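Bear in mind the structure is a predicted one, so any value in this text is a computation, not a measurement. Residue numbers run from 1 in the order of the sequence given.
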Amino acid sequence: MTQWERLQQLDTVYSQRAFDLYNRDEFPMEVRHYLAHWIEGQDWERASRDSSRAAFLFQVLLENLDNQFSRFAQEKDSFLLQRNFRRYKQNFQVSVQPAAMELESQRQVEKSLKDLKTKVEVCVCEYTHVCVCVCLFVCLFKNMIHCFILQVMEHSIRCLEEQQDEFDFKYQTHLMDCENFLSDISAMLDAADVLRSALIDEELVDWKWRQQKSCIGAPDDTSLEHLEKWFTQIIECMFQLQKFLQKLDELVGKMTYDNDPILVRKPPLKSRVDTLLTHLIKSSFVVETQPSMPQGRGPLVLRTNVQFSVKVRLLYKVSELNHVMKVTVSVNKFRKFNVLGTLSKALNMAESMNGGMVADFRHLTLKDQKVGGGGKGINDLSLSVTEELHRITFQTQFDYQGLSVPLETSSLPVVVVSNSSQQQSAWASVLWFNMLCSDSKNVKFFETSPAATWPQFGEMLSWQFLSCGKRGLDNDQLETLAIKLFGKQQSYDSCKISWTKFSKENLPDTNFTLWVWLDGILTLVKLYLSDLWSDGSIMGFVSKGKERLLLKKKQNGTFLLRFSESIKDGGITFSWVQYANDGKPCHKIICTSFRHSSMSNTKMRGFYCINEHYDHFKIC
């Protein structure tokens, strides 16, 4: 029989005194009752001296409480006991009593036992022994709990130390990773800035200069495929960096701390990304095809009330913006015009051969605004109409991925005339401006027009013949022209020709300017002599003295073709060798000039080109 069972057999008065010992949370009566066999089977005296043994018994006690809890869970009528045993276990795990409380409790238990012992001394010795064992068990059990709690606290402090070390390691690693990531973005922005400079300040500038020269006949490549590819790639990279920085904002929103490198370094990085993107996108909006009339003299010469076309392009190719960005057209206020036609078009990929973002304005017309009593708009009286330069401006709004940028680009300066007779002078202005000026915004260029060096001027003239007759001017032809303009020189590189001498002053002993003479020859070649010029049958610019020297002692019928120097509208001079009737070796050079107005009826028969018989002589 267990001590607990014997205690239950005491008289009611005595057993109640014993049961009062268990009416506290330190060791409830239910636990003593249901775990009586296990409790009385342990060596509690040893546990009070051995902390490890006490910890072991405490863990076994908790397991027994769990087992008893499980049994109650299987019984339908044991709900309250099940709930109480859960609470008892929790109380055992967290209860910590001061040492003074323990001693006082122990004295009270001892006093109660002594009182009980006096009153039940008439009882048998085994009942007294039961009470003493109960007191001893309670004290030993409390000592065991305190020993175990100390061990738990020691374990907890070790865990805190380990967690502190782990936190410090992860914190330092996090700081390093943040700094490295932000440094990588900064390095990428440095590289992107170098690329931006090369792309905008070099490649784009070079393309614009090539486009200017191509407008006046230079055989330069003006395709935009490479620039479009480069702009698209670098802008896409910038938008990707922007997304990375936005992700950092999300991280900061979740958690931040003092001296967070993201808070310190991200704002300037974001500012750099936005600045680069803005500069790149603004520079990517260009005029792909300069304004021109279908039957005009050349690009950049427009006539009022006559339709012209122009095409703009965004070099950032992105399908999401197809048919989204609207481009509007306007003209600068140097001279007032009404712009007629479709003045707003969307950038789209359908009007481009390679799927680029373009807006092709094909049917625009300029019309003079009448001012006051019907006169033209106010302009600078020192300039002629053909010296007035105008810019056609295109505007649109770029809104994409949170970035909003107003875009504007302008055509090269155009000359606007009101009748076809002014086109010759207008084309001269276009040639002069695009030969000498790379600043497309300089619409007041002719107020102080600079002089052209001979290398610049000669190259420009060669482009005119190349575009009209598929062959430029060679060194001999250029030298002939240089001698005509400057006289015989050791070198013509430092010689200059002014705008006035080119287009306003008459040539010596003539009633026409240098440009009128040259333009007449170009028109002649373009309309009638293109094939003869391109295959080299026309020598072109040859002085009379050199002409006679070349034909001297050549066989009968040998001839050469040169441009007439005395015909205003363009003429070709035939010079050939003719022997005397008696067959003597005397040569006669006969010159005949033809105007381009009569060239369509001219037939050349019975002549032999000089280069068919003399390999050392060159016909141009």
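For T453 and Q456, the side-chain atoms include at least one donor-acceptor pair closer than 3.5 Å. A donor atom on one side chain and an acceptor atom on the other are found under 3.5 Å apart for Y316 and E236. A donor-acceptor contact closer than 3.5 angstrom is absent between the side chains of N506 and T510. For the residue pair D399/S404, the side-chain donor-acceptor check at 3.5 Å is satisfied. Counted by atom type alone, Q424 and W515 present zero donor-acceptor pairs between their side chains at under 3.5 Å. In the model, E505 has no side-chain atom that pairs as donor or acceptor with a side-chain atom of T500 under 3.5 Å.
V331 is listed as a side-chain neighbour of L366, based on a closest heavy-atom distance under 4.5 Å. Side-chain contact between T386 and V417 is present, with heavy atoms from C-beta onward closer than 4.5 Å. Using a 4.5 Å heavy-atom cutoff, the side chains of L227 and L204 are in contact.
Taking a 6.0 Å sphere around NE2 of H323, one finds it holds more than 12 heavy atoms contributed by other residues, nucleotides or ligands. Enclosure of atom CD in Q295 is not indicated, since only 12 or fewer non-hydrogen atoms of other residues, nucleotides or ligands lie within 6.0 angstrom. Residue-environment remark: CG (D439) exceeds the threshold of 12 foreign heavy atoms within 6.0 Å. Residue K526 qualifies as open at atom NZ: its count of foreign heavy atoms under 6.0 Å is 12 or below. For N475, the CG atom counts as loosely surrounded, since its 6.0 Å shell holds 12 or fewer non-hydrogen atoms of other residues, nucleotides or ligands. Within a 6.0 Å sphere centred on CE of M188, other residues, nucleotides and ligands contribute 12 heavy atoms or fewer.
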Open item on the list: salt bridge (Lys or Arg N to Asp or Glu O under 4.0 Å) for K213 and E459? Distances and angles first, verdict last.
Closed with: CA-CA 10 Å; K213 294 189 296 180; E459 185 180 41; 5.7 Å; no
- [ ] Please assess Y492 against F457 for the test ring-ring contact (aromatic ring centres under 6.0 Å, His included), listing each intermediate value before the final yes or no.
- [x] CA-CA 11 Å; Y492 298 96; F457 186 77; over 10 Å; no
Task: Residue pair S575, E547: steps toward the side chain to side chain donor-acceptor pair (under 3.5 Å) verdict - done: CA-CA 8 Å; S575 302; E547 171 195 75; 2.4 Å; yes
Open item on the list: The test is salt bridge (Lys or Arg N to Asp or Glu O under 4.0 Å); show your working for K282 and E408 and say whether it passes.
Closed with: CA-CA 7 Å; K282 282 188 174 181; E408 180 177 304; over 6 Å; no
Open item on the list: Walk me through whether F239 and Y400 qualify under ring-ring contact (aromatic ring centres under 6.0 Å, His included).
Closed with: CA-CA 10 Å; F239 275 122; Y400 184 62; 5.4 Å; yes
Task: Step-by-step salt bridge (Lys or Arg N to Asp or Glu O under 4.0 Å) determination, K488 to E479 - done: CA-CA 9 Å; K488 188 67 176 178; E479 184 179 10; 3.4 Å; yes
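Of all heavy-atom pairs spanning A346 and N348, the tightest one is O-ND2, 2.9 Å. The heavy-atom pair separating V301 from A426 by the smallest distance is CG1-CB, 3.9 Å.
Partner W432 forms a ring-ring contact (aromatic ring centres under 6.0 Å, His included) with one of F502, F445, F446, W427 and no other, that one being F502. A side chain to side chain donor-acceptor pair (under 3.5 Å) with S410 is found for exactly one of R391, H390, K441, namely R391.
Seen from the ring of W517, K484 counts as a face-on cation partner, given the 6.0 Å and 45° thresholds.
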